[in-house]
Asker: 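I am attaching a structure below and will ask some questions about it afterwards.
The analysis underlying the following values was restricted to heavy atoms, covering all of them including side chains, and did not include hydrogens, waters or symmetry mates. Along the sequence shown, residues are numbered consecutively beginning with 1. Bear in mind the structure is a predicted one, so any value in this text is a computation, not a measurement.
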Amino acid sequence: VQLEESGGGSVQAGGSLKLSCRKSQSSLHCMGWFRQTPGKEREGVAAIDTSGITDYADSVKGRFTISRDSTRNTLYLEMTNLRPEDTAIYYCAAVSVAYGCRAPEIARQADFGYRGQGTQVTVSS
């Protein structure tokens, strides 16, 4: 499985961005997004299972929405009301459902599943 993110960029605080992740083939993985900033611990942002059940980190609840289009093998992350602390490289990941499909597991299991190359999101104040 190969993953390719797109949609990152630079916005001002309060702005919005929508990230996309194209998956090379359909699968039964738990899909999600995690982010990483130099010097900080990797953070699982959002996860979605094959039934469409979602989970979010507390830091993004109410602002970010994860969704998937199975017909297009594409995962999305719609980010609104962005804050400077959301600045990071955002990675798409596909992980095993064996540990549950939750945002923290996306970050923990990404190195054992599949992940994209990342896309930079920069939010200025």
Asker: Is there a donor-acceptor pair under 3.5 Å between the side chain of Ser96 and the backbone N or O of Ala98?
Answerer: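 Yes, Ser96 side chain to Ala98 backbone: donor-acceptor pair under 3.5 Å.
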Asker: Tracing side-chain links under 4.5 Å among I, L, V, M, F, W and Y, which residues wind up in one group with Val95?
Answerer: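 Hydrophobic cluster check, Val95: joined to Phe34, Ile89, Tyr91, Ile106.
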Asker: Among pairs that include at least one residue of residues 1-22, which meet side-chain hydrogen bond (donor to acceptor under 3.5 Å, both in side chains), considering only residues two or more places apart or in two chains?
Answerer: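 Non-adjacent pairs meeting side-chain hydrogen bond (donor to acceptor under 3.5 Å, both in side chains): zero.
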Asker: Assess whether a salt bridge exists between Lys61 and Asp58, defined as any Lys/Arg side-chain N lying under 4.0 Å from an Asp/Glu carboxylate O.
Answerer: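 Yes, Lys61 and Asp58 are salt-bridged.
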Asker: Test your reading of the model: is there a side-chain donor-acceptor pair from Thr119 to the backbone of Gly8, 3.5 Å cut-off?
Answerer: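 Present.
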Asker: Hey, what do you get for CD (Gln109) to SG (Cys101), rounding to the nearest 0.5 Å?
Answerer: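 Atom-to-atom, Gln109:CD and Cys101:SG are 11.0 Å apart.
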Asker: How close do Ala103 and Ala57 get, heavy atom to heavy atom, and via which atoms?
Answerer: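 Between these two residues, the closest heavy atoms are CB-N, 3.9 Å.
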Asker: With distance as the sole test, does Thr87 use its side chain to make a donor-acceptor pair with the main-chain N or O of Glu85 at under 3.5 Å?
Answerer: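 No, because the side chain of Thr87 does not come within donor-acceptor range (under 3.5 Å) of the backbone of Glu85.
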Asker: May I have all residue pairs that pass disulfide (SG to SG under 2.5 Å) and include part of residues 49-99, sequence neighbours excluded?
Answerer: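 Passing the test, one end in residues 49-99: Cys21-Cys92.
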Asker: State, to 0.1 Å, how close Pro84 and Ser125 come at their nearest heavy-atom pair, and which atoms those are.
Answerer: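 The pair with the smallest heavy-atom distance is CG-CB, 3.9 Å.
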Asker: For Arg102, enumerate each residue passing the salt bridge (Lys or Arg N to Asp or Glu O under 4.0 Å) test, keeping only those at least two apart in sequence or located in another chain.
Answerer: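 Here no residue qualifies.
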Asker: Where is the tightest heavy-atom contact between Arg68 and Lys23, given as atom of each residue plus distance?
Answerer: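 In this case the closest contact between Arg68 and Lys23 is NH2-NZ, 3.8 Å.
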Asker: With a cutoff of under 4.5 Å between side-chain heavy atoms, which Ile, Leu, Val, Met, Phe, Trp and Tyr residues group with Val121?
Answerer: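 Val1, Leu3, Val11, Leu17, Leu19, Met31, Trp33, Val45, Ile48, Tyr56, Val60, Phe64, Ile66, Leu75, Leu77, Met79, Leu82, Tyr90, Tyr114, Val123, listed by chain and number.
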Asker: Name all pairs fulfilling the side-chain hydrogen bond (donor to acceptor under 3.5 Å, both in side chains) condition that reach into residues 36-46, sequence neighbours left out, sorted by first residue then second.
Answerer: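 Passing the test, one end in residues 36-46: Arg35-Glu43, Arg42-Asp111, Glu43-Ser59.
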Asker: When you look at CD of Gln117, are more than 12 heavy atoms from neighbouring residues, nucleotides or ligands closer to it than 6.0 Å?
Answerer: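 Check fails, neighbour count at 12 or below.
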Asker: Show, in sequence, the C-alpha distance, side-chain angles and deciding distance for Arg63 and Asp86, and conclude whether the side chain to side chain contact (heavy atoms under 4.5 Å, CB included) test is met.
Answerer: CA-CA 11 Å; Arg63 301 187 298 122; Asp86 294 318; 2.7 Å; yes
